[in-house]
Protein chains: 2
Amino acid sequence: MDRRQRKTREAIFAAFIDLLSEKNFAQITVGEIIERADIGRATFYSHFETKDFLLKELCEELFCHIFDEMTEEKNNHNHIFTCDAPDSVFLHLLEHLKRNDNNVLKLLSSRNNELFLQYFKQNLRKLVESRLAMFESERSAKLPESFWVNHIVSTFAETVRWWIDNDMSESPETIAEYFFLAVLFETIIL
Amino acid sequence: MDRRQRKTREAIFAAFIDLLSEKNFAQITVGEIIERADIGRATFYSHFETKDFLLKELCEELFCHIFDEMTEEKNNHNHIFTCDAPDSVFLHLLEHLKRNDNNVLKLLSSRNNELFLQYFKQNLRKLVESRLAMFESERSAKLPESFWVNHIVSTFAETVRWWIDNDMSESPETIAEYFFLAVLFETIIL
DNA sequence: AATATAACCGAACAGGTTGTTCAGTATATA
DNA sequence: TATATACTGAACAACCTGTTCGGTTATATT
């Protein structure tokens, strides 16, 4: 890829992320982005069809990156994912996010637009669906798969969001423990 | 309140809901609203500061209505909420939503804007917080309250959303059962 | 180094949206 | 009937969007 293209693209992303830390997606205008990225208006539109596509591509670059790395690790250390209990997948994800803490995860915060969480869930869903084959016979008769997947994905995602909202100050292990306890208490009160 | 005001307000709400069933909140313009409501532009702005305030007031009218009714019922049939297990609160909420199915709950669907879900959660949180005093001693030492409340609210809200996405075809009892099973399986896989 | 290619600039543009203003008209209330 | 209040309709500036185009600059190729 042309160095100019790459630099422009990065400048746009940087300006966009910068603005996202200050205001909502809806409140950000293309004018602000190109001013901060210091590029021409036409240039922006030659890179991204609209503001929405910019967001979409940013999320893809962000989350696909994270989840792809996880898939890679799975292939390298197969035992972690296939033999251990599924909660280690969650713990693994948390550690991954902690490692990749590039000030961009803040976008998942509840203070920001819901769109990030949606994209995040989208990717998480893929991961979960591919790993929930076990216990299928027990589950399938009583519980629709889509409900089950939605439940898992939502609880995971909301936990991650809570963590980020609290500045990721707890360790991944602590969060995993919180999650376990919350589910446990849930069974008690039901 | 002046009959004119009331009628205008209702016309705006009706047009707005109508449009929301067709497109996203972001895509709806004030121009479309006033055309469909058949009122003047200035009139709209004398009622609502912006489009966002319109959404806010609609949600308040909608959800406060639902949750206030629940609080009333609680006062009338005190036993349901204070003696029974907390899951009956959830079941109660589901039955309530089913009864109040005025084609407006569709707004909670994932196809629509996330803002509704946010407002819904906001109200749900109040309800949950006021009912989660039990088991406090066991919980508080190990699990932060905000995590616990967030977990409960999110799982409830996402369950309701799944239900609505599936056209509310299952009975409230079935959904409550799904919820119970999902949490149960969750403890198994952890 | 010379040339062709592709990206960028920047200024301008039409079309659409927002939120405000104001003089005039209709409706409620006393 | 008289007064207050809500609505009308049209116009308005300010802003945002997405496109166009001739000219400029960087990159890749030879």
Side-chain angles (χ1 to χ4, degrees), chain A residues 1-61 107 111-116 118-119, chain B residues 1-61 107 111-116 118-119:
Chain A
M1 189 190 243
D2 199 314
R3 188 197 296 128
R4 285 172 296 177
Q5 273 192 72
R6 199 168 7 92
K7 287 180 88 170
T8 300
R9 200 180 157 84
E10 275 164 16
I12 292 175
F13 276 144
F16 186 46
I17 291 170
D18 204 32
L19 284 162
L20 274 167
S21 69
E22 294 171 18
K23 51 174 86 175
N24 271 351
F25 172 73
Q27 296 166 335
I28 296 171
T29 67
V30 175
E32 288 173 304
I33 296 172
I34 64 174
E35 186 195 15
R36 209 170 280 212
D38 196 28
I39 58 161
R41 185 167 196 78
T43 308
F44 176 89
Y45 282 105
S46 81
H47 278 262
F48 303 99
E49 207 172 328
T50 67
K51 216 178 62 181
D52 293 80
F53 279 91
L54 167 59
L55 176 67
K56 188 163 177 271
E57 291 199 24
L58 175 64
C59 287
E60 269 167 18
E61 209 151 283
L107 300 179
R111 281 183 295 279
N112 247 302
N113 201 284
E114 294 287 318
L115 285 167
F116 293 102
Q118 267 177 265
Y119 281 115
Chain B
M1 187 190 240
D2 197 315
R3 187 196 299 129
R4 286 171 295 177
Q5 275 193 71
R6 199 167 8 91
K7 287 181 86 171
T8 300
R9 199 179 157 84
E10 276 164 15
I12 292 175
F13 276 145
F16 185 46
I17 291 170
D18 205 32
L19 284 162
L20 274 167
S21 69
E22 293 171 18
K23 51 174 85 173
N24 271 352
F25 172 73
Q27 298 167 334
I28 296 171
T29 68
V30 176
E32 289 173 304
I33 296 171
I34 65 173
E35 186 196 13
R36 210 170 280 212
D38 196 27
I39 58 162
R41 184 167 196 79
T43 308
F44 176 89
Y45 282 104
S46 79
H47 277 262
F48 302 99
E49 208 173 328
T50 67
K51 217 177 64 181
D52 293 80
F53 279 90
L54 167 59
L55 177 66
K56 187 163 179 272
E57 291 200 24
L58 175 64
C59 287
E60 269 167 17
E61 209 151 283
L107 301 179
R111 280 182 296 279
N112 247 301
N113 201 284
E114 293 287 317
L115 285 167
F116 293 103
Q118 266 178 265
Y119 280 116

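Any value given below was found using the heavy atoms of this structure, including those in side chains, with hydrogens, waters and symmetry copies removed. Computed from a prediction, not measured in an experiment: that's the story for all the values here. Here is the naming used below: chain letters follow the sequence lines, and residue numbers restart at 1 for every chain.
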Looking only at heavy atoms, what is the nearest atom pair of B:Ala15 and B:Ile33, with distance? CB-O, 3.7 Å

Does a sphere of radius 6.0 Å around CD in A:Gln5 hold more than 12 heavy atoms from other residues, nucleotides or ligands, not counting ones at 6.0 Å or beyond? yes

A:Arg4: what forms a side-chain hydrogen bond (donor to acceptor under 3.5 Å, both in side chains) with it, not counting sequence neighbours? A:Asp2

Does D:dG18 have OP1 or OP2 sitting under 4.0 Å from an N or O in the side chain of A:Tyr45? yes

Whole-Å distance between D:dG18 C1' and A:Glu49 CD? 10 Å

To the nearest Å, how far apart are A:Ile12 CD1 and C:dA7 P? 13 Å

Minimal non-hydrogen separation, B:Phe16 against B:Leu55, with atom names: CE2-CA, 3.9 Å

Taking ring pair (Phe, Tyr, Trp, His ring centres under 6.0 Å) as the definition, give me every residue that meets it alongside A:Phe13, ordered by chain and number, with sequence neighbours left out. A:Phe48

Considering only nitrogen or oxygen atoms on both sides, find all protein atoms under 3.5 Å from nucleotides 4-8 of chain D and state each distance.
residue, atom, partner, partner atom, Å
D:dT5, O2, B:Arg4, NH1, 3.3
D:dT5, O2, B:Arg4, NH2, 3.1
D:dA6, OP1, B:Gln5, NE2, 2.7
D:dA6, O4', B:Arg4, NH2, 3.4
D:dC7, OP1, B:Arg4, O, 3.2
D:dC7, OP1, B:Thr8, OG1, 2.5
D:dC7, OP1, B:His47, NE2, 3.4
D:dC7, OP2, B:His47, NE2, 3.2
D:dT8, OP2, B:Gly40, N, 2.7
D:dT8, OP2, B:Thr43, OG1, 2.8

Rounded (10°) bend between the five-pair end axes of the helix from C:dA1-D:dT30 to C:dA30-D:dT1: 30°

Given salt bridge (charged side-chain N to carboxylate O under 4.0 Å, His left out), test A:Lys56 with A:Glu60 step by step and report yes or no. CA-CA 6 Å; A:Lys56 188 163 177 271; A:Glu60 269 167 18; 3.5 Å; yes

When rounded to whole Å, the CD1 to C1' distance for the pair A:Ile28 and D:dC15 reads 17 Å

For B:Tyr119, what residues pass the ring pair (Phe, Tyr, Trp, His ring centres under 6.0 Å) criterion, not counting sequence neighbours? none

Should B:Thr43 and B:Ile34 count as side-chain neighbours, where that means a heavy-atom distance under 4.5 Å? no

Nearest-Å distance for atom pair CD/C1', residues A:Gln27 and D:dC15: 15 Å

Which residues satisfy the side-chain hydrogen bond (donor to acceptor under 3.5 Å, both in side chains) test with A:Arg9, sequence neighbours excluded? A:Glu57, A:Glu61

Distance in angstrom units between A:Phe44 CZ and C:dA7 P, rounded: 17 Å

Using atom CD1 of A:Ile34 as one end and atom P of C:dA7 as the other, report the distance to the nearest whole Å. 19 Å

Once you round it to whole Å, what is the distance between C1' of D:dG9 and CD of B:Glu35? 15 Å

